[in-house]
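As structure tokens, the structure follows; a few thoughts come after it.
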Amino acid sequence: STGDGGNGGGRSGALSPTLVTEELQKIDVNPPKGTRDFPPEDMRLRNWLFNNFREVSRVYGFEEVDFPVLESEALFIRKAGEEIRDQLYCFEDRGNRRVALRPELTPSLARLVIQKGKSLSLPLKWFAIGQCWRYERMTRGRRREHYQWNMDIIGVPEVTAEAELLSSIVAFFKRIGLTAADVGFKVSSRKVLQEVLKCYGIPENMFGKVCIIIDKIEKIPLDEMKKELKVVGVSEDAIEEMLQVLSVKSLTKLEEILGGGGEAMSDLKQLFSLAEKFGYSDWIQFDASIVRGLAYYTGIVFEMLFQGFDRGGKLRAICGGGRYDRLLSTFGGDDLPACGFGFGDAVIVELLKEKKLLPELNVEVENIVCALDPDLQGAASRVATILRGKGQTVDLVLENKPLKWVFKRATRINAQRLILVGSSEWQRGMVGVKDLSSGEQREVKLDELN
Ligand SMILES: Nc1ccc(Br)nc1
């Protein structure tokens, strides 16, 4: 530090009375409610997870992007009643601007695409890993931040985009040891319900309202739900058929109800056919019920959509995504076909714990270098620099410590070799090298050290 020894440098020198008072107040050393620290052992797991996200994104030819965690609040204020709006982590900054910590990444991506406009050559295949926020009353004790991996394809109207994204998530699951027996994807299309509603003359602008009511299917008695649907103008027959469709778990059955001519059926058939070619048919199933939560839980209205789930049925959705062709125009841009998913860092870790698939990630270093007396600290620094120049990891002992302490540290940091810089050896251009697994000890010429 180039601290001037003043109060700011935290070094010796007269402390002003205010600092003395402030210094004495004990601060809360825990992170803010709903947030996490990542000490080394947790950071190793997070890096392992994110490196898998990144490796899949790289192999699929996606480019990494990022955006500010702080955005204008207006980016996330869409239709009223959306859960994401109620939980927005928003405030007024010192310039009296309404800002918010991003609750999701897709609106920022849409903003950047609009900003870049015609300068972008389509299709875009972008990925991001970013921290997202929500402000929930802590009564529910849930987290207020998580990290999300997003992959988005902009400019491809065909179902091939959805198929490609699903393939990338399957590739990720396989990389971390999960199989189709552990997880799957429920796939559907909002067009399924739309076609049913259309048959009964329900206008498309009613879709959101109907979804919100249908989403209560497991929370309120059926006749209560039917009553609410009737209030918004859905007939008894339409309700019966909708409920029948919502329980359908196979494309064949769906075709019997909808007939083969509609867009929903052709989209879904194409997706399932592509899944077979990609080799992940075992991972996906049709499930109209996921359409229920469309209208509000993410704010982005998906056309075709998918949701990764654990087959044990104990956990919340692992990931979710789909097509959102109309998002850009909600921000005043020209619409472009868009498709993407979000994958949080919490549920997947819970699942890996349950499956005993969490990796053993120990700290390890190749060398610990120690001067045997204070006059050789410079020599030890030189040895460390030589090894580091060869790309080796080195923990350099920075203080005059007894050997017992050095061995203890070597064990704790899982060092493979101990390099001892002693006076007589150094005179002869040598250092002591001890292999900490075999115990073998030898002298090595400095210029032969590798
Ligand atoms: N959207 C969102 C943000 C933060 C958390 Br934790 N969960 C969901």
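This structure is a prediction, so every number in the text was calculated from the model and none was measured. The residues of the chain are indexed from 1 along the displayed sequence. Whatever order the structure lists them in is the order used to number ligands and atoms, beginning at 1.
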Next on the checklist: Checking contacts here: is it the side chain or the backbone of Glu104 that comes within 4.0 Å of ligand 1, counting heavy atoms only? Could be both or neither.
Outcome noted: neither

Checklist entry - Given Cys132, Gly34, Ala346, which one has a non-hydrogen atom that is nearest to atom 4 (C) of ligand 1? => result Cys132

Item to check | Options Arg142, Gln87, Arg134, ranked by nearest heavy atom to atom 5 (C) of ligand 1, top entry | outcome: Arg134

Checklist entry - Is it true that Phe343 and Phe173 have ring centroids separated by less than 6.0 Å? => result yes

Checklist entry - Can you name the closest pair of heavy atoms from Ala161 and Ile153 and give their distance? => result O-CD1, 3.8 Å

Checklist entry - Does NZ or CZ of Lys408 lie under 6.0 Å from the centre of the six-membered ring of Trp405, at an angle within 45° of the ring axis? => result no

Checklist entry - For Pro103, is at least one N or O under 3.5 Å away from an N or O on ligand 1? => result yes

Checklist entry - So, Glu145 versus Gln131: side-chain donor-acceptor pair below 3.5 Å or not? => result yes

